[in-house]
Amino acid sequence: MRRQTSYAKAMEPFGVQRGVPAKVTKRRHIKLTEKPQGGGKASELAAQLAAANSTIAQLQQQVQQLQGLNVDYSRQITALEKRIEQAQRLATFEKQIKAEMAAKKPRRDLPDDQETAMALFLEKHKALPYCTPQEASGGSLVASEGRFAVLHLGHGRHALVEFPSAQAVQELARGQQQGPGRAPGR
């Protein structure tokens, strides 16, 4: 009782008043450690509170399960994304291999023997004028087949040149690959 009175005095400035004493009301007051008896609003509220607490506990369990599933789904999605990326890399690699294989296939439109190849080369370049190797000494090699070569003479002029042998054409090509400058051995 003394505690309640001192508490009430301390709370008076805040507008809180002490309850009516049990002696005056002649009612039995419920202690803080005691549960309310026989129904009433307090027991209804206690039942609702217990139901709400159990519902909250169930919902928390469901949230934890869903979070676990979410983490599991995230892992699965990451694994699938890695698989898709690997499949895409393999597809591009396969395309590259196919392109390389197609490039390495022997062309069927090329002639099988040298005579046919030379005839096709001469037919293709028949409109070009002939010149001697001495006349074409300053030209650059454009194309060749056997002992015939097409040289660029400058200013958009091209000429067909017949060399004494195929080795002479190959020597011309090697000389042009070395480029300008000092010749080796000098």
Side-chain angles (χ1 to χ4, degrees), residues 47-186:
Q48 288 176 357
L49 181 62
N53 284 338
S54 66
T55 305
I56 288 172
Q58 289 174 352
L59 290 174
Q60 284 176 339
Q61 283 181 335
Q62 289 177 354
V63 165
Q64 288 176 347
Q65 288 174 350
L66 291 174
Q67 286 175 342
L69 290 175
N70 189 19
V71 168
D72 188 42
Y73 285 141
S74 297
R75 287 183 190 140
Q76 289 178 0
I77 288 171
T78 304
L80 287 174
E81 286 174 346
K82 286 181 182 177
R83 280 185 173 175
I84 289 171
E85 185 179 326
Q86 288 175 347
Q88 288 173 341
R89 276 194 241 140
L90 285 174
T92 55
F93 183 68
E94 186 177 342
K95 285 179 185 177
Q96 289 174 349
I97 297 261
K98 284 182 180 179
E100 288 176 10
M101 295 294 284
K104 289 182 181 180
K105 283 185 182 175
R107 291 182 50 189
R108 300 194 193 296
D109 62 342
L110 293 178
D112 292 337
D113 58 24
Q114 286 185 336
E115 290 178 13
T116 311
M118 193 165 311
L120 288 172
F121 181 80
L122 291 173
E123 180 66 28
K124 182 179 177 182
H125 301 290
K126 68 181 177 184
L128 295 176
Y130 279 90
C131 67
T132 64
Q134 290 80 16
E135 293 173 332
S137 63
S140 59
L141 184 66
V142 175
S144 66
E145 183 65 46
R147 43 192 191 107
F148 290 94
V150 174
L151 297 175
H152 180 258
L153 303 175
H155 302 291
R157 294 182 307 140
H158 291 81
L160 189 61
V161 181
E162 183 177 0
F163 286 90
S165 66
Q167 287 81 15
V169 175
Q170 291 173 358
E171 287 177 22
L172 175 67
R174 274 193 297 262
Q176 289 185 358
Q177 284 178 351
Q178 289 176 358
R182 287 183 50 139
R186 282 192 183 183

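The structure presented is a predicted model; accordingly, all values stated were derived computationally and were not measured. As a basis for the values below, the full set of heavy atoms in this structure was taken, side chains included, without hydrogen atoms, waters or symmetry mates.
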Find the distance between [atom1] ([X]) and [atom2] ([Y]) and round it off to the nearest 0.5 Å.
X	Y	atom1	atom2	result
Leu122	Glu145	CG	CD	9.0 Å
His158	Cys131	NE2	SG	12.0 Å
Gln170	Leu141	CD	CG	11.0 Å
His125	Ser144	NE2	OG	9.5 Å

Residues forming a side chain to side chain donor-acceptor pair (under 3.5 Å) with Glu123, sequence neighbours excluded: Lys126
Phe163 to Ala149 - nearest heavy-atom pair and separation: CE1-CB, 3.8 Å
Contact summary for Ala159 and Leu153, nearest pair of heavy atoms: CB-CD1, 3.6 Å
Partners meeting side-chain contact (heavy atoms from CB on, under 4.5 Å) with Glu162 (sequence neighbours left out): Arg147, Phe148
Taking only distance into account, with no hydrogens and no angle test, what donor-acceptor pairs under 3.5 Å do side-chain atoms of residues 85-97 form with protein atoms, sequence neighbours excluded?
residue, atom, partner, partner atom, Å
Glu85, OE2, Arg89, NH2, 2.6
Thr92, OG1, Gln88, O, 3.3
Thr92, OG1, Arg89, O, 2.8
Glu94, OE2, Lys98, NZ, 3.4

Can you find a heavy atom in the side chain of [X] that is under 4.5 Å from one in the side chain of [Y]?
X	Y	value
Leu151	Leu172	yes
Val169	Val161	no
Thr78	Tyr73	no

Any pair counted as salt bridge (charged side-chain N to carboxylate O under 4.0 Å, His left out), so long as it reaches residues 74-84, sequence neighbours left out: none
Salt bridge (charged side-chain N to carboxylate O under 4.0 Å, His left out) contacts in which one or both residues fall within residues 55-73, not counting sequence neighbours: none
N/O donor to acceptor pairs below 3.5 angstrom from side-chain atoms of residues 53-62, sequence neighbours left out:
residue, atom, partner, partner atom, Å
Asn53, ND2, Leu49, O, 3.4
Ser54, OG, Ala51, O, 2.8
Thr55, OG1, Ala51, O, 2.8

